[in-house]
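Report on the following structure.
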Amino acid sequence: MVGNNKMRENGKENKFISAVVYLHNEGEAVRDFFDRVIAVFEANFERYEIVCVDDGCTDITLEVLREYLETHPLKAMVSVVHMSFFHGLESAMNAGRDLAIGDFVYEFDSVNVDYDPKLVLETYHRMLEGNDIVAATAGRAARLSSRIFYAVYNQTSRGKNRIGAETFRLVSRRAINRIKAMGQYIPYRKAVYAGCGLSKAEVCYEPVRQKRQHGKQRAGERVSLALDSFIYFTNVLEHLSAILCIVFLLFTVGVGIYIIRDYLMGGQIVEGWLSTMGFLTFGFFGVFALLTLTLKYLSVILNLIFKQQRYLIADIEKVAGK
Amino acid sequence: MTNKYDKIIIGAGLYGCYAADLCGERGEKVLVLEYEKEPFSRATYVNQARVHMGYHYPRSLTTALKSAGYFRRFVQDYGFCIHDSFEQVYAMAGQFSWTNAECFKEFCRAARIRCEEVPPSRFFQPGMCDGAFLTEEYTYDAKLLRDWYKERLDGRGNVSILYNARIEMIVKTDSAFVIRMEDGCEYETGYVLNASYASVNQILARVTGVETTPFPIKYELCEIILCDASERLKGIGITVMDGPFFSIMPFGRTGLHSLTAVTFTPHMTSPQELPHFSCQEKLAEKDDACSPQNLGNCNLCPHRPQTAWPYMSRLAQKYMKEEYGFRYRESLFSMKPILKSSEVDDSRPTAIRVLCEAPTLVSVLSGKINTVYDLDSYL
């Protein structure tokens with residue numbers, strides 16, 4: 001083991017690695033995560049740091065973490081970002097990633113380890129092969145709703161990279177800089193990383209243990225994130241509304257032509273029909289034209305809001321390290 | 001045998017030397033007691049060497065205004081050791097900063113200090129900083145300043161400096177203080193100035209006959225890294241604020257840059273009024289040992305911590321564009337006392353306490369070099 005480390009050190013794996021870990025009322029699970037996954041970091045990386053994101057933990061998570069670090073000294077520096085209040089996975093992890101300083105940044109969305117910890121190294125090697133984003137995915141998504149979401153999303157998204165049920169991922173500093181240069185707020189990391197124009201790889205694995213149910217994110221939150229993602233990253237809703245507008249526009253124009261024809265033909269017209277239909281046609285034409293404009297406005301506003309910082313932190317604490 | 005002095009000053013850092021020089025000029029008989037074998041061996045040398053204009057304190061306008069006032073005076077008085085021909089850039093980090101570009105501009109206007117906006121993309125990676133400003137701030141060279149003071153004080157017949165001084169205790173008698181050294185010598189004076197910075201509470205603990213409440217401080221063992229800067233970085237100093245960020249700027253006239261980071265510069269902290277550190281236990285009991293009662297010199301200590309260079313350099317590289325490169329040269333360590341009251345607004349007031357009058361005992365504690373003039377009214 002020691003010889004192994006030496007070799008790597010001499011071979012200069014000179015990368016600085018960051019591990020960003022999401023914590024929200026994990027209880028004892030933190031210990032297991034550190035014991036198994038962080039142990040791989042400790043054994044294989046010369047220089048790394050751990051950034052824990054405390055997203056409004058109200059249970060013993062932080063005590064467990066502190067106690068663990070006291071009894072298990074690591075060579076890494078460990079810091080904790082305390083979010084001001086519960087932000088949810090995406091925002092909180094954005095804060096964690098923004099604090100991380102590594103060349104390569106691991107994002108662990110959960111401390112449940114349903115994979116072989118060696119997967120950490122596998123993703124690392126895939127990154128060295130020239131991928132800027134490497135995701136570890138658990139075969140296929142657990143829920144039917146998730147599978148449908150990913151299928152529709154991948155069909156309609158603008159980027160060439162696919163997304164799926166990712167357990168953790170590794171992102172390069174280059175990708176992070178690229179995303180910052182795009183100047184956008186990151187509502188859904190997977191989607192932004194996948195769409196940043198750099199190459200992405202996936203490492204699939206078969207879940208070793210039964211994965212704990214998604215207790216973390218409430219159903220409502222997941223649905224709203226899914227809808228948001230469709231709006232932000234795909235054309236699907238834009239297209240849908242455009243198509244609807246055009247259909248109705250065509251319909252009104254058709255009715256207009258029909259009225260004019262009737263009028264010119266001088267056919268049997270019921271009293272008042274002409275004026276009623278004329279009013280309706282012009283009225284609806286106006287409404288749909290306005291709607292199209294409004295949609296355009298909305299997309300501009302969306303882009304503006306994209307650039308705002310969206311999370312609030314209470315404190316950054318250095319809990320262990322040199 | 002007892003030697004009598006008009007004033008005895010403990011500590012030959014900048015504050016001690018300044019006071020000795022000022023009093024010596026008036027013809028007073030002054031003795032400076034210095035623990036090390038040279039002046040400026042600790043914090044006066046081991047720090048960022050920043051001559052503060054006040055930019056550092058956007059949360060405390062009072063501190064900023066005072067700094068700006070003293071800045072001019074310091075630059076005038078000590079021009080021979082000042083390095084001013086570089087561009088000092090202050091930038092506000094995009095995330096985690098307690099301030100932002102707008103607030104900073106506002107603040108500089110209120111403090112009436114230079115602040116010229118430049119595009120952050122000139123120095124920083126995209127999106128990392130939301131504002132960058134060219135400012136007016138200099139750096140001093142501690143070694144040049146030390147040599148100047150040495151020569152000046154040596155030239156004064158009425159000022160003497162005792163190096164390797166080991167104070168055993170300071171006793172108040174009816175009209176004077178008697179300082180007894182470990183080697184049995186005694187010095188008597190009507191005025192003691194305690195300018196020993198990180199040792200300030202340790203000196204106070206050796207005083208008998210006066211009610212001395214220790215300063216409410218915590219201790220941080222700090223590392224400053226000296227670097228060789230690339231050509232592009234040579235003429236530039238960069239400070240990213242206000243939060244867990246870093247600073248890389250010229251280190252006096254040495255041609256090197258100093259690198260510090262808010263998160264990584266402090267290696268260990270001791271919250272007690274006297275410094276308790278785990279590294280102290282590793283030192284064998286000998287006469288220059290380091291203990292809560294007597295701080296050694298961290299920079300020379302065999303048990304000084306491992307460098308945080310991997311962290312500090314990564315942090316700086318995360319923000320700065322690649323062309324502003326730098327390479328490791330060496331690390332300097334020193335103990336830094338921090339007044340506990342200053343954490344919220346980050347102000348660093350100079351704390352001067354008169355603990356006793358006739359005979360007089362004054363203690364000074366300041367984290368900034370150019371607020372040395374605060375001493376004037378107490379000497």
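Quick caveat, the model's predicted, so the values are computed rather than measured. Just so it is clear: chains get the letters A, B, ... in the order the sequence lines come, proteins before strands, and each one is counted from 1.
The local environment of CD in A/E129 is crowded, with over 12 non-hydrogen atoms from other residues, nucleotides or ligands closer than 6.0 Å. Within 6.0 Å of CZ on B/R329 lie no more than 12 heavy atoms contributed by other residues, nucleotides or ligands. Atom NZ of A/K118 has 12 or fewer heavy atoms from other residues, nucleotides or ligands within 6.0 Å.
Formation of a donor-acceptor pair under 3.5 Å by the B/K318 side chain with backbone atoms of A/D103 is not found in this model. The backbone N or O of A/Y48 lies less than 3.5 Å from a partner atom in the side chain of B/Y311, making a donor-acceptor pair.
Residue A/K180 holds its NZ atom at 11.0 Å from SG of B/C129, rounded to the nearest 0.5 Å. Annotation: the span from B/M128 atom CE to A/D98 atom CG amounts to 7.0 Å, rounded to 0.5 Å. Rounded to the nearest 0.5 Å, atoms CG (B/L315) and CD (A/E49) are 9.0 Å apart. One finds the NE2 atom of B/H267 at 7.5 Å from the CE atom of A/M77 (value rounded to the nearest 0.5 Å).
Contacts of B/P310 with chain A are made by both backbone and side-chain atoms, with heavy-atom separations under 4.5 Å. Contacts between A/L99 and chain B at a heavy-atom distance below 4.5 Å involve backbone atoms as well as side-chain atoms.
Side-chain contact between B/R314 and A/R173: present, with at least one pair of heavy atoms (C-beta onward) separated by less than 4.5 Å. The closest side-chain heavy-atom distance from A/I101 to B/F264 is below 4.5 Å.
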